[in-house]
Number of protein chains: 2
Amino acid sequence: MEKVTRAEVFRLHAQICKALADPSRLLIVVELRHGSRTVGELSRAIGAAQPLTSRHLAVLREKGIVRAERDGTFVRYSLPDRRILAAIDLLLDVLATQLARQGLRSSAARRLRPALRSA
Amino acid sequence: MEKVTRAEVFRLHAQICKALADPSRLLIVVELRHGSRTVGELSRAIGAAQPLTSRHLAVLREKGIVRAERDGTFVRYSLPDRRILAAIDLLLDVLATQLARQGLRSSAARRLRPALRSA
DNA sequence: TGCGTCTATCCGCATATCCGTATCTGACGA
DNA sequence: TCGTCAGATACGGATATGCGGATAGACGCA
């Protein structure tokens, strides 16, 4: 059994994170939580054009986050590993904690100022 | 209590993922698993120049993934929320499963071909 | 105050990502 | 085989991200 270098593991790990580092792709994964979906369904669900949806799906597919299977003219996408959902949920919990701690009193301001300033 | 829009939550969620979507930053987080570290320690641990390390830390800090506190001339970084570690570990498990399933027989080839081809 | 150490930020360039539009492929039915 | 529909890919411009190198700021101490 061959060894995968430590650096390589971190690179691959980062690539999985990067695949999830996009609001549309997160929406796709969350949409797949409750079952498989066709590209058209996902496209409508996330409110994005079909080619864009298809490319997002390609990114997720290349990282093994979603699986594609033909169904006639359709292609159905699904989640082969629910642990991805668990990880996303954990990060969402972290986010919720952060939002709660800062107070939710100015979501508009936060919208305009993406990063939390240092102190 | 004000409402944070669904779209905004996904945007923030994606930003957390993006902050983790870099091998050096993952190394930093993992290095912090066992306690707080100064910038210099982290810089040596991940084998990156100090300014680069500092910028990576700024990214993580802005997303609330790490916390900074002055300690004399040093700045000590730590993890305020261990759930980030749990999420990272889950994704690492997913990666391990993927690697096991594909077989580890050509890590060199995989190194050169970042994406898993569609089929 | 002046100096050395530790950390943060600025600048500039190379690279990568994102998204709209157009086009291509693949499957089904007439 | 041809038309049509679902989906995937190609192309190009705008934007963002990466890094190294230089520099600026913060702190402690003499």
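All chains are named by letter (A, B, ...) in the order of the sequence lines, taking the proteins before the strands, and each is independently numbered beginning at 1. All values below were derived from every heavy atom in this structure, side-chain atoms included, with hydrogens, water molecules and symmetry-related copies excluded.
At whole-Å resolution of the value, CZ in B:F74 and P in C:dA8 are 12 Å apart. The CD1 atom of B:I46 sits 13 Å away from the P atom of C:dT7 (whole-angstrom rounding). For the pair A:R61 CZ and D:dT9 C1', the computed distance is 10 Å after rounding to whole Å. Distance B:L26 CG to D:dG18 C1': 16 Å, rounded to the nearest Å. Rounded to whole Å, atom P of D:dG7 lies 12 Å from atom CD1 of A:I28. Here the P atom of nucleotide C:dA8 and the CG atom of B:D71 are 13 Å apart, to the nearest Å. Residue B:L57 contributes atom CG, which lies 16 Å from atom C1' of D:dG18 at whole-angstrom precision. Rounded to whole Å, the distance from CG on B:L52 to P on C:dC11 is 18 Å.
The phosphate of C:dC6 has neither OP1 nor OP2 within less than 4.0 Å of any side-chain N or O from B:R76. One finds no side-chain N or O of A:R70 lying less than 4.0 angstrom from the OP1 or OP2 phosphate oxygen of C:dC28. OP1 or OP2 of D:dC19 sits under 4.0 Å from a side-chain N or O of B:H56. In this structure, B:Y77 does not reach the C:dC6 phosphate: none of its side-chain N or O atoms is under 4.0 Å from OP1 or OP2. When the side-chain nitrogen and oxygen atoms of A:R37 are compared with OP1 and OP2 of D:dG7, none of them lie within a distance under 4.0 Å.
Nearest to the side-chain atoms of A:T73 among the listed nucleotides D:dC19, D:dA6, C:dA22 stands D:dA6. Comparing D:dA22, C:dC19, D:dC19 by their nearest atom to the side chain of B:R55 picks out D:dC19. The nucleotide whose nearest atom lies closest to any side-chain atom of A:A49 is, among C:dG20, D:dG18, C:dT9, C:dG20. Among the nucleotides C:dT9, C:dT7, D:dA8, the one closest to the side chain of B:P51 is C:dT9.
Side-chain N/O atoms of A:Q50 and base N/O atoms of D:dA6 include no donor-acceptor pair closer than 3.5 Å.
As judged by a 4.0 angstrom heavy-atom cut-off over every strand, B:T38 is placed among residues touching the sugar-phosphate backbone only.
Side-chain contact between A:L20 and A:R25: absent, with no pair of heavy atoms (C-beta onward) separated by less than 4.5 Å.
Panel note: side chain A:E62, backbone A:V59; no donor-acceptor pair is recorded below 3.5 Å.
For B:R37 and B:S78, the side-chain atoms include no donor-acceptor pair closer than 3.5 Å. For the residue pair A:S36 / A:R76, a side-chain donor-acceptor distance below 3.5 Å is found, with atom types taken as modelled.
Going from atom OG of A:S43 over to atom CD of A:Q50 covers 6.5 Å, rounded to the nearest 0.5 Å.
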